[in-house]
Number of protein chains: 2
Amino acid sequence: MSLRHAVLGLLSEGPASGYDLLKIFEISLANVWPATQSQLYGELGRLADAGFVTVVAEGPRGRKEYAITDAGRAELHRWLVEVEPTPVARRSDMLLRVFFLGVLEPEEARTYLRRRAEAADENHRNLSELRKVVSEGEDSLSVYGRMALEWGLRFTATQRDWAEWAEQELDRIRKPQGASES
Amino acid sequence: MSLRHAVLGLLSEGPASGYDLLKIFEISLANVWPATQSQLYGELGRLADAGFVTVVAEGPRGRKEYAITDAGRAELHRWLVEVEPTPVARRSDMLLRVFFLGVLEPEEARTYLRRRAEAADENHRNLSELRKVVSEGEDSLSVYGRMALEWGLRFTATQRDWAEWAEQELDRIRKPQGASES
DNA sequence: ATCCCCATGTAAGCGGTTACATGATTGG
DNA sequence: CCAATCATGTAACCGCTTACATGGGGAT
């Protein structure tokens, strides 16, 4: 149930409409907690029912501006300090495929790992670009967002290095210990 | 829809019952693709309907032994070589919290990051232990399982290092560039 | 006999994705 | 006036989690 806390977190910086929040999700939280329009409006309704947010203004086109309440702030704080984060990579179909590499031809397995390294490297480059773009901005979200971005950079680098190592490892597996050529 | 391919992958090593598969999930795939009993039996039924597996034997207590079919093997192969793996860490409530570290007292934020480092280190130690346990075993699942385990080791180490870096970074954020003490 | 393990199944609920649906307002 | 954008909402579906439910068979 993190979407609700993502919303509370964003509203803790100031009031916003569902539409505003959606934009913020797209530009700044997209890489850590993507949310769809559908989900967002639903959650805002539930948050209002629970008393964690209230409608503070109504604008044109039925626009509703929400603000966080004291109860909402308390809930956000509780989530931040008391709730243990869920393990990051609990499910990975990328690693699941690794378990079954044995059913592939050696060449196919190699290609798979090679592609993992390339994909990781591409992600890494994209994040590097993103860092340049967001390097200004002294608001809280930007400052801590860069901290999260650093995680992404390190993570993708690790992923790339592992995939390259694993590709090497394939040879070791097929040509075991004592094997000498010729 | 990776559960079905996890099942196909396991059955590609030989026939097994739902119960057998459940045990294998618990001991070897638990860290990459956990599955519950409930899910597993449902999926086996659907796989049979789709013609990817068949019941090859019935044992005591209603036990049904499933084997993969040629169509199942083809589907497994297709999934392995053609389907792009989904990005590993698409959602992270651990990183989501990082975005909102600004709402906490400096001391609380520091505690949060410290705990991340500790948790990562603990995971790292657990995986190191696991590696000792599974270091034998020359079957395909063990060999490639160790490759996946190496990913876990590198990943948890990166996570720990990042959290330690981020904790340092907190100071830099609160005491900006030109600030001198006294 | 009894207890533990083997063994399979069903149902409710939750969060997320995709698609559908509608309409107002503003800028060129 | 027309298009793009603002703006909110509903419904169907899918996979995962938790809990419930039932019963047979082997070991001591």
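Proteins get letters first, then strands, A, B, ... in listed order; numbering begins at 1 in each.
In this pair, A:W151 and A:F155 present their aromatic rings parallel. The plane angle is below 30°, not in the 30 to 60° band.
Side-chain atoms of B:S17 and B:D20 include a donor-acceptor pair closer than 3.5 Å.
Between A:K64 atom NZ and D:dA7 atom P there is a gap of 13 Å when expressed in whole angstrom units. C:dT17 atom C1' lies 14 Å from atom CH2 of A:W33, rounded to whole Å. In this structure, B:L44 atom CG and C:dG9 atom P are separated by 9 Å, rounded to whole Å. The separation between B:M1 atom CE and C:dG16 atom C1' is 16 Å, rounded to whole Å. Rounded to an integer number of Å, the gap from OH of A:Y66 to C1' of D:dG9 is 10 Å. Atom pair A:L47:CG and D:dT8:P shows a separation of 14 Å (rounding to whole Å applied). Here D:dT17 presents its P atom at 12 Å from CG of B:L40, a figure rounded to the nearest Å.
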Nucleotide N/O of nucleotides 25-28 of chain C paired with protein N/O under 3.5 Å:
none

With 3.5 Å as the limit, what N/O pairs link the protein to nucleotides 10-13 of chain C?
{"residue": "C:dT10", "atom": "O4", "partner": "B:S38", "partner atom": "OG", "Å": "3.0"}
{"residue": "C:dA11", "atom": "N6", "partner": "B:S38", "partner atom": "OG", "Å": "2.9"}

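Counting only residues at least two apart or on different chains, the ring pair (Phe, Tyr, Trp, His ring centres under 6.0 Å) pairs with a member in residues 61-96 of chain A are A:H5-A:W79.
Between A:G51 and A:T69, the shortest heavy-atom contact is O-OG1, 2.7 Å.
By the 4.0 Å N-to-carboxylate-O rule, B:R115 lies too far from A:E82 to be salt-bridged with it. Salt-bridge formation is detected for the pair B:E75/B:R78: a Lys NZ or Arg NE/NH1/NH2 atom is positioned less than 4.0 Å from an Asp or Glu carboxylate oxygen. Ion pairing between B:E122 and B:R125 fails under the 4.0 Å rule for side-chain N and carboxylate O. With salt bridges taken as basic N to acidic carboxylate O contacts below 4.0 Å, none links B:E167 and B:R160. Residues B:R154 and B:E150 are paired through a salt bridge, judged by an N-O separation under 4.0 Å between the basic side chain and the carboxylate.
Considering only residues two or more places apart in sequence or on other chains, B:E58 meets the salt bridge (charged side-chain N to carboxylate O under 4.0 Å, His left out) condition with none of them.
An OP1 or OP2 oxygen of C:dA7 is reached within less than 4.0 angstrom by a side-chain nitrogen or oxygen of B:R63.
The environment of B:E84 atom CD is dense: over 12 non-hydrogen atoms of other residues, nucleotides or ligands sit within 6.0 angstrom. Heavy atoms from other residues, nucleotides or ligands lying under 6.0 Å from CG of B:D139 number more than 12. Counting non-hydrogen atoms of neighbouring residues, nucleotides and ligands closer than 6.0 angstrom, the CG atom of B:D49 exceeds 12 such neighbours.
Listed by residue number, the members of residues 74-96 of chain B with any heavy atom below 4.0 angstrom from DNA chain D form an empty set. Within residues 8-32 of chain B, no residue has any heavy atom under 4.0 Å from DNA chain D.
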